[in-house]
There are 4 protein chains.
Amino acid sequence: MMKKKNPEKYQQIIDATVQLIDRQDVAMVSTTQVAKKVGISQSNIYIYFKNRDDLIKHVFIREVDAMSQFVHDTQVPATDLFGQFASQLDALFQFALQHPTSLNVIQKILRSYSYQHLVAKPDDLNAANAELLVTLKKGQQTGLFKQVDLSLLQNTILSNIKLQADNIHHGKYTAAEQPFERVRQLIFDAILNGSRS
Amino acid sequence: MMKKKNPEKYQQIIDATVQLIDRQDVAMVSTTQVAKKVGISQSNIYIYFKNRDDLIKHVFIREVDAMSQFVHDTQVPATDLFGQFASQLDALFQFALQHPTSLNVIQKILRSYSYQHLVAKPDDLNAANAELLVTLKKGQQTGLFKQVDLSLLQNTILSNIKLQADNIHHGKYTAAEQPFERVRQLIFDAILNGSRS
Amino acid sequence: MMKKKNPEKYQQIIDATVQLIDRQDVAMVSTTQVAKKVGISQSNIYIYFKNRDDLIKHVFIREVDAMSQFVHDTQVPATDLFGQFASQLDALFQFALQHPTSLNVIQKILRSYSYQHLVAKPDDLNAANAELLVTLKKGQQTGLFKQVDLSLLQNTILSNIKLQADNIHHGKYTAAEQPFERVRQLIFDAILNGSRS
Amino acid sequence: MMKKKNPEKYQQIIDATVQLIDRQDVAMVSTTQVAKKVGISQSNIYIYFKNRDDLIKHVFIREVDAMSQFVHDTQVPATDLFGQFASQLDALFQFALQHPTSLNVIQKILRSYSYQHLVAKPDDLNAANAELLVTLKKGQQTGLFKQVDLSLLQNTILSNIKLQADNIHHGKYTAAEQPFERVRQLIFDAILNGSRS
DNA sequence: AATGAATGAGTGTTCATTCAT
DNA sequence: AATGAATGAACACTCATTCAT
């Protein structure tokens, strides 16, 4: 089992699971629901994944990979660290705007499972965040960013980007009414070392 | 049914539920688990709460009330808006430090249930957040705070406060190694209108 | 227990049970429902009845007694057996018309419980039917009624009377559109020995 | 789910349910009891039926179909309406004699559920009764039968046939001691328009 | 590779009954 | 006499998982 003999169906199962997690608590998504959504028999899932947890894990991995790829492809090369950071920020926001489901699912799974449990080799995965984290770490070393724990910087960036994208996605306001520049400014002000002021 | 003649057990049930939600997905907390933790028979729960949902709702209400009370009692009177905001910030951080479980549970339940579903009178409840929101709104009107959607301001404040408290709670670092002043500064910089710089 | 210190409440409990049985399967009527309908606590029922079966039994006894009393009081004295029979028939129909619930409940309980289980002394109870049965038996002995098993005569009488009353009660037709005389004629034709024809 | 790939077990479940309903109130028959009787796990039932209600419904349909088939096959062709009626009567009695459980179960389910709820296409189902009803209706139009509500005619026929069969089945008397001819006569006298007398 | 069948453990919920007060 | 509290057993139903085909 768990061989991906039919890659299409493998993707279909993950797709269905993603959509279900997007709308419900992770814990409420059942293999029955997934199978029904794909239009296959429930036991068929166990040919592609060795159990429910394995399915969730692969969902997580695929979505994180997609995000990494997107961000990597979208960010423009920059000469200095600040430019690189700004570029990553914009890429992440683009991703959040275009793939609100992906980001939502990633965060939901992260909250339900410990990170260790999800990824075997933490390094090569989660490259999107990894690149961001590298930038943030460098920025802290050069005194560009504040000397708070990395998780706070990361959180300030990601949570605000997601919130802005979600608000737009849910029609709370349009991108024109609340331009991303303001959010970017908020994040900059938060992250950057205030020595400038 | 649903009478609360024995307030001790009523509280015990809620306590047990809080601890279980703190450690798992809300959806995974079962009445069986709760009953086992309290040491009563599962059906006994239905004497104190008419539903599983009712139990969760009451957990939410109790925790939110406690937080409101704490913040209300802890914040010191301030002459100007900024002082008031700073005071609220500190009070929230104190709460997050002393009651990390409460904050965690409140956020988890909020994510699973819609706010409308949880509270009958949204106004008088959740006063802690209500007070903060009032302050933020006023600050925006006077030009003190940035003109982004309120939810972003609120998120920047609460998520960073919670993260800092959690990091300390989990032993990632001590309050001495990473003083709250830095987090407060991050929040100030994020929230305040940059016109000052 | 089971003392009827407060006869009012005793009757209230039976009343509520009667109404509930009228609308549901006997097996679906719970002490919880009864207590709620009366406005007392569930355990209170066990002061008046020693268990659920005992309650049902007393419901049955009371309703049967009421029917007996009604029929006994309503039938007019008759000189011959046929006149007596006709009078009983009319009395039963009057009862069915005025107390459709009672008749319904009696039949429902009879179907769920064996008769032996319901009444301790089968003789003195169920006097209404007893009187009818006596009449039928006499009629058979004198050759007035058909020589089929008594239960068939009884069934033909009671089931048709109930059906007619129910149809009227449910608005299927009015007593004017379908006068009882026709039903009485049907019963007479069925019961009476055809030698007359 | 709900596929009927293994027709044997599907029938076994229905058989067990029929026997249980025969002996108890419909409302008291539980999926646990049924499963135990068949010797399968309780959850297995939900592979063959989507609900407890669905199970009951299928029990009803199967029994009614069997009765229809039996009556249809058993009745002999008749030249006139009266002969047809007499033939249907005899067929119904044969069925009641040979399948007392079926008839009992059909009536019990009918009392608990509304007819509409039980069958999708009321017309083609329940053909046994349907044929009888057609005969009765025709008989009323030609003045052969009494002008009472159809339900009374139907009741007089079915209830007496069932009672006679049950009495024999329970050993109250033998078919020799109380020949069906007498019951048939009772029904004829009841149903037929008395103008003959 | 795919499915239907099967199961045991789990869910929330209701029930009849008992008991201390 | 009356009640709230408590419980164990039952219920309908869903789930993740396994297995033979």
Side-chain angles (χ1 to χ4, degrees), chain A residues 1-6 8-10 27-35 38-55, chain B residues 1-6 8-10 27-35 39-55, chain C residues 1-6 8-10 27-35 40-55, chain D residues 1-6 8-10 27-35 39-55:
Chain A
M1 296 110 187
M2 220 195 95
K3 311 280 172 61
K4 299 150 198 170
K5 273 284 179 85
N6 182 347
E8 276 184 45
K9 197 171 290 179
Y10 172 82
M28 300 187 70
V29 175
S30 72
T31 57
T32 317
Q33 287 176 42
V34 173
V38 178
I40 58 175
S41 83
Q42 193 195 167
S43 52
N44 199 353
I45 291 178
Y46 286 80
I47 290 167
Y48 294 86
F49 305 93
K50 73 172 195 280
N51 55 30
R52 186 186 175 278
D53 267 24
D54 191 51
L55 167 58
Chain B
M1 304 88 197
M2 219 190 73
K3 311 281 171 62
K4 302 159 196 169
K5 262 298 175 74
N6 183 348
E8 279 183 43
K9 195 170 289 180
Y10 172 81
M28 300 188 67
V29 174
S30 72
T31 56
T32 316
Q33 286 176 42
V34 173
I40 56 176
S41 84
Q42 185 221 22
S43 55
N44 198 351
I45 290 179
Y46 287 81
I47 292 173
Y48 294 88
F49 305 93
K50 68 172 196 281
N51 264 342
R52 183 188 175 280
D53 265 27
D54 191 51
L55 167 58
Chain C
M1 296 107 186
M2 220 196 96
K3 311 280 172 59
K4 299 150 198 169
K5 272 285 176 85
N6 182 346
E8 275 184 45
K9 197 170 291 178
Y10 172 82
M28 300 187 70
V29 175
S30 72
T31 56
T32 316
Q33 287 176 44
V34 173
I40 58 175
S41 84
Q42 193 194 165
S43 52
N44 199 352
I45 290 178
Y46 286 80
I47 290 168
Y48 294 87
F49 306 93
K50 74 173 194 281
N51 54 31
R52 186 186 176 278
D53 268 23
D54 190 51
L55 166 59
Chain D
M1 306 90 194
M2 218 191 76
K3 311 282 171 60
K4 302 158 198 168
K5 262 298 176 69
N6 182 347
E8 279 183 44
K9 196 168 291 179
Y10 172 81
M28 299 187 68
V29 174
S30 72
T31 56
T32 316
Q33 286 175 42
V34 173
I40 57 175
S41 82
Q42 185 224 21
S43 55
N44 199 351
I45 290 179
Y46 286 82
I47 291 172
Y48 293 87
F49 305 94
K50 70 171 195 283
N51 265 343
R52 184 190 175 277
D53 266 25
D54 191 51
L55 167 58

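First the proteins, then the strands, lettered A, B, ... as listed; each starts at 1. Nothing here was measured: the structure is a model prediction, and the numbers come from that model.
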Both C/Lys9 and B/Lys9 contact DNA chain F. Which one's nearest nucleotide lies toward the 5' end?
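The residue mapped nearer the 5' terminus is C/Lys9.
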Reading DNA chain F 5' to 3', how would its secondary structure be written in dot-bracket notation, given Watson-Crick and G-U pairs with both distances under 3.5 Å, brackets [ ] for crossing pairs and | for partners on other strands?
.||||||||||||||||||||
What's the closest nucleotide to the side chain of A/Tyr48 if the choices are F/dA2, E/dT3, E/dA1?
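So the nucleotide nearest the side chain must be E/dA1.
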Distance (rounded to the nearest 0.5 Å) between D/Gln42 CD and D/Gln33 CD
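If we round to the nearest 0.5 Å, D/Gln42:CD and D/Gln33:CD are 11.0 Å apart.
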Rounded distance [0.5 Å steps], CD1 in B/Ile45 versus OG1 in B/Thr32:
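If I round to the nearest 0.5 Å, the distance is 7.5 Å.
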Output all residues satisfying side chain to side chain donor-acceptor pair (under 3.5 Å) with C/Ser30, sequence neighbours left out; order by chain, then residue number.
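If we apply the side chain to side chain donor-acceptor pair (under 3.5 Å) test to C/Ser30, skipping adjacent residues, there are no hits.
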Non-neighbouring partners of D/Asp53 that pass side chain to side chain donor-acceptor pair (under 3.5 Å), sequence neighbours left out:
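Here the qualifying residues are D/Tyr113.
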C/Ser43: which residues meet the side chain to side chain contact (heavy atoms under 4.5 Å, CB included) condition with it, sequence neighbours left out?
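C/Ser43 satisfies side chain to side chain contact (heavy atoms under 4.5 Å, CB included) with C/Ser41 once adjacent residues are dropped.
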C/Ile47 CD1 to F/dG4 C1', straight-line distance once rounded to whole Å
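It works out to 12 Å between those atoms.
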Does the side chain of D/Asn44 get closer than 4.0 angstrom to OP1 or OP2 of E/dT7 through an N or O atom?
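Yes, such a contact exists.
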Run the side chain to side chain contact (heavy atoms under 4.5 Å, CB included) test on A/Leu55 and A/Tyr48 for me, step by step, so that the C-alpha distance in whole Å, both residues' side-chain angles and the decisive distance to 0.1 Å come before the verdict.
CA-CA 8 Å; A/Leu55 167 58; A/Tyr48 294 86; over 6 Å; no
The contact string for nucleotides 16-21 of chain F, one letter per nucleotide 5' to 3', using protein heavy atoms under 4.0 Å with B, S and - for base, sugar-phosphate only and none, comes out as BBBB--
What's the shortest heavy-atom distance between A/Asp54 and A/Phe49, and which atoms?
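Distance-wise, the nearest heavy atoms are OD2-CA, 3.5 Å.
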Let me see the working for A/Asn44 and A/Lys9 under side chain to side chain contact (heavy atoms under 4.5 Å, CB included), right down to the final yes or no.
CA-CA 10 Å; A/Asn44 199 353; A/Lys9 197 171 290 179; 3.6 Å; yes
Mapping D/Ile45 and C/Gln33 onto DNA chain E by nearest heavy atom, which one lands closer to the 5' end?
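Upstream on the strand: D/Ile45.
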Closest-nucleotide mapping onto DNA chain E: is A/Ile40 or C/Met28 further toward the 5' terminus? I mean the 5' end.
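The answer here is A/Ile40.
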